[in-house]
Every structure is written in structure tokens, then in C-alpha cells.
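Step one of this worksheet: look at the structure below.
Chain identifiers are assigned alphabetically (A, B, ...) following the order of the sequence lines, protein sequences preceding nucleic acid strands; residue numbering begins at 1 within each chain.
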There are 2 protein chains.
Amino acid sequence: MGAPSFHAPNADACRARGILDRIGDKWSLFVIAQLGDGTKRFTELKRDIDGISQRMLTVTLRGLERDGIVTRTMYPVMPPRVDYALTDMGRTLLDTVGTLVWWAEAHLAEIDAARASYDARAAQTDAVG
Amino acid sequence: MGAPSFHAPNADACRARGILDRIGDKWSLFVIAQLGDGTKRFTELKRDIDGISQRMLTVTLRGLERDGIVTRTMYPVMPPRVDYALTDMGRTLLDTVGTLVWWAEAHLAEIDAARASYDARAAQTDAVG
DNA sequence: CTGAATCCTCTGAGATACTG
DNA sequence: CAGTATCTCAGAGGATTCAG
């Protein structure tokens with residue numbers, strides 16, 4: 001439990017938002033996860049991340065590169081070749097996100113149950129009311 | 001740092017997405033952070049979370065309630081009164097998110113530097129190219 | 001006080017076609 | 001192969017208004 005008590009005023013939530021804006025979008029997490037396996041090329045990423053479009057892969061990679069989370073290496077060869085990899089900071093983020101994944105796994109069933117319960121209550125209220 | 005090594009294939013990223021869909025939206029994190037201080041009423045939350053609209057506060061609270069992260073307690077009095085609080089699961093999430101905030105604080109400067117550097121390079125490329 | 005309903009705008013993101 | 005450019009659409013979210 002390295003987590004500080006986090007009696008967060010808005011300020012703390014604000015800092016976290018910056019991070020969530022980065023990894024909370026639709027694709028960043030998948031890209032980071034994929035690069036956790038090691039250096040990959042554009043087409044490899046596109047193939048391995050199911051459903052991502054060229055455009056979104058490009059946009060996502062640009063964002064991550066800008067924030068110093070991935071590196072982009074171009075080889076001036078024909079046909080072109082570009083390698084992507086996590087930076088050191090990117091790897092620490094991978095670790096941090098790991099705790100979130102852990103939490104998700106630990107509470108998936110509980111969340112599903114809560115949703116089912118809530119939906120059932122809502123449906124009943126609808127029918128009765 | 002209990003974080004497992006997280007050599008995540010897509011499956012792991014997928015599970016985390018569910019969580020990020022919940023806390024990664026524009027307001028959930030602020031609400032959770034505020035409720036970390038203890039039970040609050042609708043109007044208190046609206047006042048304390050700068051810039052949130054009634055609508056988004058309602059929508060956000062409903063989502064969090066549905067997922068079993070906050071509880072909603074109505075008092076049938078006049079004028080109406082509704083209290084919101086974190087559930088036990090909500091408190092564990094607060095803890096988990098704490099590690100993310102910690103990461104954010106630890107790397108804010110590095111990220112800012114990376115952005116500045118990237119933007120500078122981009123501007124230069126633009127000018128020269 | 002708490003919230004539902006309506007309207008409106010702006011951005012995220014997919015599909016497609018083109019370039020070095 | 002690795003992008004960029006353009007079009008388009010759906011959904012998020014704000015402002016405002018109405019109701020219990």
C-alpha cells in the first residue's frame with residue numbers, strides 16, 4: 001500500500017486528470033500494454049490491437065511520444081520502417097497501471113453484481129411506479 | 001508497490017479499460033476525490049467541484065452508484081435532501097487511484113519537459129522543412 | 001434542494017483515399 | 001510501410017428550463 005491517504009482536494013484530482021487524459025483515452029492503454037512486450041513496428045501494433053484504425057494509432061502514438069512515454073525511431077530505408085518502444089518513464093507507468101488492472105480484476109465480479117442489482121431495482125421502480 | 005509485472009496482452013488492457021471508462025471520464029475522479037472527505041450532499045458536491053454542471057454531476061453520480069462505488073441516501077423531507085458517500089469498494093478505489101496521483105506528481109516535471117522538447121522539435125522541423 | 005428533459009455544440013473517432 | 005488529409009457521424013457535455 002504505497003498509496004498515500006489521498007484526502008484529495010480538487011488539486012490532486014486535477015493532477016491525476018492529466019494522466020487519465022493520456023492513458024484514459026480509448027487506445028493509449030492498449031498501445032502501452034503492447035509495447036510492454038518490447039519494441040514494435042507500426043504495422044505490428046496495428047495488427048495486434050484489434051479494431052484500431054491507422055489514424056487513431058498514429059494520433060495515440062504521437063500523444064504518447066510527446067509526453068515522453070514512447071520513443072519513435074525512423075529508419076531512412078525503403079520501404080520505410082519505424083520502431084516504437086516504451087521509455088523508462090513509460091515502463092514505470094506500465095507498473096502503475098498494473099495496480100489499476102489488479103484492482104479491476106479484484107472487483108470485476110462485485111461491479112457486475114452492483115450493476116445487475118441497480119438495473120433490477122431501476123426496472124422494478126419503472127414497472128411499479 | 002504491489003504492482004505485478006503486467007506483461008499485459010490485450011486481455012489485461014481490456015479489463016483495465018472497464019475501470020478507466022468509469023473513472024477516466026471528465027468528472028468521476030473529482031467526485032470520488034470529494035467523497036473521500038466523507039459524506040456530502042448534492043449541492044455541496046456541485047459547489048466543491050469547480051465547473052461541473054448539474055446534469056453532469058447527476059449523470060456521474062448515477063454511474064458511480066450503479067457500479068457500487070457510491071451510495072445514495074434520500075431523506076423524504078421538505079426540502080429534499082440526498083447524501084452521497086463512498087462504499088467500501090469506493091474507498092479501495094480511492095486508494096488505488098492514489099498510486100496514479102502519486103505517479104502523476106512524481107513525473108509531472110518530466111512530462112512537461114518532454115512536451116516542451118517535442119513541441120520545440122516540431123516547430124523547428126516546421127520552420128526548416 | 002434535487003433532479004429530469006430538452007436543445008445545441010463540439011470533439012473523438014471510423015472510413016476512405018492519397019503521398020513519400 | 002507509414003503515414004497525412006478529408007468527410008462524416010455519434011456521443012459527451014454545457015445551458016436552460018421544468019417538476020416534485
Whole angstrom value for the distance that separates P of dG3(C) from CD of E65(B): 9 Å
Residue list, salt bridge (charged side-chain N to carboxylate O under 4.0 Å, His left out) with K40(B), at least two apart or on another chain: D48(B)
Short N/O separations, protein against nucleotides 12-14 of chain C, under 3.5 angstrom:
from    : atom 1 : to     : atom 2 : distance (Å)
dA13(C) : N7     : R55(A) : NH2    : 3.1
dG14(C) : OP1    : K26(A) : NZ     : 3.1
dG14(C) : OP2    : S53(A) : OG     : 3.4

All salt bridge (charged side-chain N to carboxylate O under 4.0 Å, His left out) counterparts of D112(B), not counting sequence neighbours: none
Could you list the residues that satisfy salt bridge (charged side-chain N to carboxylate O under 4.0 Å, His left out) with D88(B), not counting sequence neighbours? R91(B)
Partner residues of R72(A) under the side-chain contact (heavy atoms from CB on, under 4.5 Å) criterion, sequence neighbours left out: R62(A), E65(A), M74(A), V82(A), Y84(A)
According to side-chain contact (heavy atoms from CB on, under 4.5 Å), who are the partners of A116(A), at least two apart in sequence or on a separate chain? none
In whole angstroms, how far is the P atom of dG14(D) from the CG atom of D50(B)? 12 Å
Stretch residues 69-87 of chain B: residues that reach within less than 4.0 Å of DNA chain D through a heavy atom: P80(B)
Please enumerate all residues that pass side-chain contact (heavy atoms from CB on, under 4.5 Å) together with T39(A), with sequence neighbours excluded. D83(A), A85(A)
Filter on ring-ring contact (aromatic ring centres under 6.0 Å, His included), then keep only pairs touching residues 21-41 of chain B, sequence neighbours left out; what's left? W27(B)-F30(B)
Taken to the nearest whole Å, NZ/K46(B) to P/dT16(D) is 12 Å
Could you list the protein-to-nucleotides 17-19 of chain D atom pairs, N/O on both sides, closer than 3.5 Å?
none

How about D25(A) and S28(A): does a side-chain donor come under 3.5 Å of a side-chain acceptor? yes
Mind checking salt bridge (charged side-chain N to carboxylate O under 4.0 Å, His left out) for R115(B) and listing every partner two or more places apart, or none if nothing turns up? D67(A)
To the nearest angstrom, how far is L57(A) atom CG from dA15(C) atom P? 14 Å
Under the side-chain contact (heavy atoms from CB on, under 4.5 Å) rule, collect the residues that match up with E110(A), sequence neighbours excluded. H107(A), M89(B)
